[in-house]
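Below is one structure; the comments refer to it alone.
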Amino acid sequence: MHPDGSRTPEPFAGPTDPQVDCFYAYPTIDLLPNPLLRLGSLPPIPSNSELAGTLMQLGRFTDTCRVFAPVYRQASLTELLVGGLGIPPDAETGSMDVRDAWRDYWANHNTDPVTHKRRGVVILGHSQGTGVLTRMMQQEIDGNPAVQDRLVSAVLLGGYIQVPIGGTQGGGNDSASTFQRIPTCVRSGPQAPIPTGCVVAYNGYALPDGGPLPAGSAFGRSTVPGHRIACVNPAALLRGAPADGVTPVDMYMPTRRLVSGNWLNPRGHLGHLLSSYDLADDPSGYTRYPNKVSARCAFTQDSTGTASWLDVTGGDGLFPQAGLSAVLGTHTVDYNLAMGDLSALISAQASTWRAAHPG
């Protein structure tokens, strides 16, 4: 979409021979447990909501990687709501499912059928997907040289990736840090190489007048002394710009068509997640809003702890300002907020990784 409201179709080249893989876990989408009765090893059944959520977040990455997106028995929105009343939701089953899916991928799909060498892999998750992938990475990748060498990048948005203040990883003896040997992505300037084997993480908030982070915000806060929740701005990283500098982000919002919306239910299969957002009725899967939104990593510290978030400005009318938005921020559209930058960054990281791992 152009500033004057006119539209130009943007072609999207489908995958031909993706040189790396993407292993993805979708966010909290299920309204009810899937399957409804969790008996033994009864598997979940892929739902339209899970597919729509995956397309909304991952669709534009398919030109760079082969996609592996396991269905898992996540804690449903209903379980999380009941958990707020004192009944803890089951987070362990979903974590086990994703861990087992990763082990199957690593054992049976990561070796390239042509070169017979291990392929590079990008790990992507959001919200609960970030949570289950974080636990998988702690168990299977962090500090495991053979596996960690295959990590092109990890995009873990809408979660609680914790790092030391002024640091990027725990270093092996910091139990408060999420990862000990996998750093967050940093780049010293535009001439520095694109970093690989690192984590991109942020929690977006479009706050009136640029903040501060609301006291009741669900994301971005740490009470652990000497630590903060990680914020990596993919647009700044891609340009080699300072993370705390204001950088335009390349926003792609889903359309009604992508989520099977119509005039009666414009948000389609994701109506329960996108109820505060207006989706364009375009014939494409996404509507792009270049140079309409900017972002910077913001950080504050006081006696209660630290707050770290992706401070989003611009985009008048694109973000809700009331209700749950003050608590969740841009949580449900964190991927879409900088989708163009994330896609370009992953492509650049894949190229850099492949150059260092020929064959």
Side-chain angles (χ1 to χ4, degrees), residues 18-25 58 61 64-68 98-99 102-103 105-106 109-112 115 117-126 129-130 132-157 159-164 166-174 177-202 229-240 243 297 335 338 341-359:
Q19 296 302 298
V20 299
D21 296 339
C22 283
F23 189 89
Y24 167 79
L58 206 65
F61 300 116
T64 299
C65 57
R66 297 190 309 173
V67 175
F68 295 82
V98 171
R99 181 203 62 199
W102 169 263
R103 290 177 176 175
Y105 159 76
W106 186 255
H109 303 287
N110 180 262
T111 300
D112 192 282
T115 66
K117 294 184 177 181
R118 290 286 187 181
R119 293 171 63 91
V121 58
V122 181
I123 294 174
L124 304 105
H126 180 249
T130 283
V132 295
L133 286 173
T134 296
R135 289 186 282 276
M136 180 278 291
M137 290 174 65
Q138 290 170 332
Q139 296 170 356
E140 307 289 324
I141 301 177
D142 190 18
N144 184 338
V147 184
Q148 197 168 327
D149 180 63
R150 300 289 108 181
L151 182 64
V152 176
S153 181
V155 181
L156 303 174
L157 308 186
Y160 303 93
I161 305 302
Q162 189 160 258
V163 296
T168 62
Q169 59 184 308
N173 57 2
D174 179 9
S177 289
T178 301
F179 299 118
Q180 299 304 307
R181 302 297 181 188
I182 304 175
T184 51
C185 297
V186 294
R187 193 176 178 203
S188 59
Q191 303 306 316
I194 294 288
T196 62
C198 54
V199 175
V200 174
Y202 62 78
I229 301 301
C231 179
V232 177
N233 182 349
L237 186 67
L238 192 62
R239 294 166 174 81
C297 283
Y335 262 88
D341 306 292
L342 287 168
S343 178
L345 176 62
I346 288 175
S347 179
Q349 288 178 312
S351 296
T352 300
W353 186 92
R354 286 279 298 171
H357 298 76

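For this chain, numbers begin at 1 and follow the sequence in order. Computed from a prediction, not measured in an experiment: that's the story for all the values here.
Of the possible donor and acceptor atoms, none in the side chain of Gln180 sits under 3.5 Å from a partner among the backbone N and O of Asp142. No side-chain donor-acceptor contact under 3.5 Å links Ser177 to the backbone of Phe179. At least one donor-acceptor pair under 3.5 Å links the side chain of Tyr335 to the backbone N or O of Gly125.
Side chains of Val163 and Gln169 form no contact here, defined as non-hydrogen atoms less than 4.5 Å apart. At a threshold of 4.5 Å between non-hydrogen side-chain atoms, the residues Thr352 and Pro195 do not count as touching. Put simply, the side chain of Gln349 does not reach to within 4.5 Å of the side chain of Val122, judged on heavy atoms. The side-chain heavy atoms of Val132 and Arg135, taken from C-beta on, include a pair separated by under 4.5 Å. Proximity of Val199 to Ile182: side-chain heavy atoms (C-beta onward) are separated by under 4.5 Å at one or more points. You'll find the side chain of Gln148 stays beyond 4.5 Å of the side chain of Asn144, heavy atoms only. Between Ile123 and Leu151 there is a side-chain heavy-atom pair separated by less than 4.5 Å.
For Arg103, the salt bridge (charged side-chain N to carboxylate O under 4.0 Å, His left out) partners at least two apart in sequence or on another chain are Glu140. Residues forming a ring pair (Phe, Tyr, Trp, His ring centres under 6.0 Å) with Tyr160 (at least two apart in sequence, or on another chain): Phe219. With sequence neighbours excluded, the residues that form a side-chain contact (heavy atoms from CB on, under 4.5 Å) with Gln19 are Asp17, Arg354. For Asp112, the salt bridge (charged side-chain N to carboxylate O under 4.0 Å, His left out) test picks out Arg119, with sequence neighbours left out. For Arg66, the salt bridge (charged side-chain N to carboxylate O under 4.0 Å, His left out) criterion is met by Asp21, not counting sequence neighbours. The side-chain contact (heavy atoms from CB on, under 4.5 Å) search around Thr178 returns Thr134, Gln138, Ile161, Gln162, not counting sequence neighbours. Not a single side-chain hydrogen bond (donor to acceptor under 3.5 Å, both in side chains) links Ser343 to another residue, sequence neighbours left out. Phe23 meets the ring pair (Phe, Tyr, Trp, His ring centres under 6.0 Å) test with Trp102, Tyr105; sequence neighbours excluded. Residues forming a side-chain hydrogen bond (donor to acceptor under 3.5 Å, both in side chains) with Thr64 (at least two apart in sequence, or on another chain): none. Scanning for side-chain contact (heavy atoms from CB on, under 4.5 Å) contacts around Asp149 gives His357, with sequence neighbours left out.
The heavy-atom pair separating Pro234 from Ala338 by the smallest distance is CG-CB, 3.9 Å. Listed here is the closest heavy atom pair of Leu157 and Ala201: CD2-CA, 4.0 Å. When all heavy atoms of Tyr202 and Cys231 are compared, the pair lying nearest together is CB-SG, 4.2 Å.
Each of Asn233, Leu124, Leu342, Ile346 was scored for a side chain to side chain contact (heavy atoms under 4.5 Å, CB included) with Val200, with one residue passing: Leu342.
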| request: Go through the steps to decide whether Val121 and Val152 satisfy the test side chain to side chain contact (heavy atoms under 4.5 Å, CB included), and finish with yes or no. | output: CA-CA 5 Å; Val121 58; Val152 176; 5.8 Å; no
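The list of salt bridge (Lys or Arg N to Asp or Glu O under 4.0 Å) pairs with a residue in residues 230-240, not counting sequence neighbours, reads Arg239-Asp341. Within the structure, side chain to side chain donor-acceptor pair (under 3.5 Å) pairs that include any residue of residues 181-197 do not occur (at least two apart or interchain).
Cation-pi check for Arg150 over Trp106 is not met; the charged atom does not lie both under 6.0 angstrom from the ring centroid and within 45 degrees of its normal.
Rounding to the nearest 0.5 Å places SG of Cys185 at 11.5 Å from CG of Leu238. Atom CE of Met137 sits about 5.0 Å away from atom CD1 of Ile141, to the nearest 0.5 Å.
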